[in-house]
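Below is one structure, written out as structure tokens, with a few remarks after it.
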Number of protein chains: 2
Amino acid sequence: MPNTATARAPERDLRNQILDTALQLFSRNGYFNTSVHDIRRAAGVSIGAIYHHFPSKEAVAAALYHDLVERMDRVMVDIVAAHRSAHDRCRAVVAALFELAETQPEMMSFILNAKHREFMPDATPICSSRPFERMLDMVREGIASGEIRQMEALVAAPSLFGGPLRLLQLRLDGILTVPLPSVLDTAWECAWRAVANP
Amino acid sequence: MPNTATARAPERDLRNQILDTALQLFSRNGYFNTSVHDIRRAAGVSIGAIYHHFPSKEAVAAALYHDLVERMDRVMVDIVAAHRSAHDRCRAVVAALFELAETQPEMMSFILNAKHREFMPDATPICSSRPFERMLDMVREGIASGEIRQMEALVAAPSLFGGPLRLLQLRLDGILTVPLPSVLDTAWECAWRAVANP
DNA sequence: GTCTATATTCGGATAGAC
DNA sequence: GTCTATCCGAATATAGAC
């Protein structure tokens with residue numbers, strides 16, 4: 001039955017097309033300022049198609065959130081595999097975040113700005129998600145190895161990543177007009193000095 | 001005419017009562033998850049009273065935003081007047097923010113979390129507001145005086161305040177369970193090391 | 001100036017054809 | 001599986017009494 005093969009590809013394409021469009025609109029206008037009809041129009045699909053693939057508008061946002069967090073997590077896993085020291089791992093994280101913010105600003109905007117508690121039933125703070133947990137683990141190991149000064153990991157982690165993340169926000173908001181990678185060295189030097197063992 | 005005196009006080013009370021209630025609901029449930037009827041019920045006033053004092057729900061949020069930014073700005077002005085060096089000023093800012101986050105978490109949550117672009121016509125990024133401009137100015141002066149290392153002020157400022165702000169966020173989200181002032185010394189040491197001239 | 005009741009718009013979700 | 005047309009509830013804002 002060739003129809004299954006021919007049907008499956010567009011089916012998946014359609015779902016991704018809906019998700020891609022929703023990401024753009026959500027990150028640009030916000031979840032509540034985006035109606036399902038807006039998604040329908042921008043994606044060039046029908047309402048029925050959206051409600052065939054997702055049970056509700058909320059589910060679209062939830063699926064999007066899930067996918068993006070998973071992608072972020074894969075980035076973290078790759079970094080842990082590629083580097084050994086806490087210093088190198090954390091620097092790679094900042095570099096990757098900066099790179100992603102330039103190449104996929106909608107994704108970063110959605111993950112960082114979206115208040116998921118506002119449109120998702122299970123109030124999952126973004127900082128409790130797995131990629132952020134992995135960043136916290138990197139810091140913990142850095143403290144254990146002596147690379148990072150002795151202190152609460154819950155204080156060290158935001159002290160290390162808070163600056164770069166804030167900078168990223170400024171970039172997404174259009175306040176910072178130069179590409180993030182061009183300030184990576186300076187930003188990282190500041191971030192690392194904040195917690196490094198002298 | 002005594003009625004003007006007796007009427008003016010409750011009139012102003014009512015407006016403030018609406019704003020206080022709106023702040024609580026907005027910061028707890030978000031702007032879009034809060035209906036005017038919710039405000040009406042929680043504030044114990046009528047719909048008519050709300051629409052007498054404000055032309056729209058959006059205007060309630062805008063007035064709230066304006067008031068809170070103004071209060072933040074007064075805090076900054078006082079700090080600038082009370083301290084001389086960039087180090088002391090910036091530390092006082094972080095201390096004040098930590099203190100405010102404990103005593104008035106709704107206010108801080110609204111200012112930091114609310115995506116004002118989503119419900120305010122004039123898309124004013126929070127970082128362009130005057131209190132944040134003043135923080136940037138403190139950093140600029142620190143760079144000029146040599147207290148802070150030579151670098152772009154737009155990189156130094158988030159590097160300095162990003163950590164504390166991130167920590168503040170963790171506290172508001174309930175991830176950090178200890179009061180912020182108890183970690184002020186550690187957090188500030190990290191923040192200042194990030195940018196300080198050695 | 002404050003209230004109640006109501007109008008109008010709008011968006012999420014469904015039904016049923018194809 | 002995808003579409004069009006439609007329903008229903010909710011939320012903002014208004015009208016008009018007191």
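Order of the sequence lines fixes the chain letters, A, B, ..., with proteins taken first and strands second; residue numbering starts at 1 for each chain.
In this structure, B:R15 places its CZ atom 13 Å from P of C:dT2, rounding to the nearest Å. The distance between atom CZ of A:F54 and atom P of D:dT2, rounded to the nearest whole Å, is 12 Å. Residue B:I39 contributes atom CD1, which lies 11 Å from atom P of D:dA13 at whole-angstrom precision. Put simply, CZ on A:R41 is 16 Å from C1' on D:dT4, counting in whole angstrom units. For the pair A:H52 NE2 and D:dT2 C1', the interatomic distance rounds to 8 Å; values are reported in whole Å. The CD1 atom of A:I18 sits 8 Å away from the P atom of D:dT2 (whole-angstrom rounding). To the nearest angstrom, C1' of C:dG11 lies 13 Å from CD1 of A:I50. D:dA11 atom P lies 12 Å from atom OH of B:Y51, rounded to whole Å.
Counting non-hydrogen atoms under 4.0 angstrom, B:S46 reaches a base of the nucleic acid.
Regarding contacts with the backbone of C:dG1, every side-chain N or O of B:H53 stays at 4.0 angstrom or more from both OP1 and OP2.
Here B:R84 contributes atom CZ and B:S145 contributes atom OG; the two are 11.5 Å apart, rounded to the nearest 0.5 Å. Rounding to the nearest 0.5 angstrom, the gap separating the OG atom in B:S159 from the CZ atom in B:R193 is 16.0 Å.
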List the steps, then state whether salt bridge (Lys or Arg N to Asp or Glu O under 4.0 Å) holds for B:D137 with B:R140.
-> CA-CA 5 Å; B:D137 281 340; B:R140 285 204 186 94; 2.8 Å; yes
Under the salt bridge (Lys or Arg N to Asp or Glu O under 4.0 Å) criterion, do A:R15 and A:D20 qualify, and how do the steps go?
-> CA-CA 9 Å; A:R15 187 192 140 97; A:D20 288 349; over 6 Å; no
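When the nearest nucleotides of DNA chain D are assigned to A:H37 and A:G48 by heavy-atom distance, the more 5′-ward of the two goes with A:G48.
Seen from the ring of B:Y31, B:K57 counts as a face-on cation partner, given the 6.0 Å and 45° thresholds.
Here the nucleotide nearest the side chain of A:S56, chosen from C:dG11, D:dT2, C:dA13, is C:dA13. Residue B:V45 places its side chain closer to C:dC3 than to any other of D:dT12, C:dA13, C:dC3. Which of C:dA5, C:dG12, D:dT2 sits closest to the side chain of B:I47 comes down to C:dA5.
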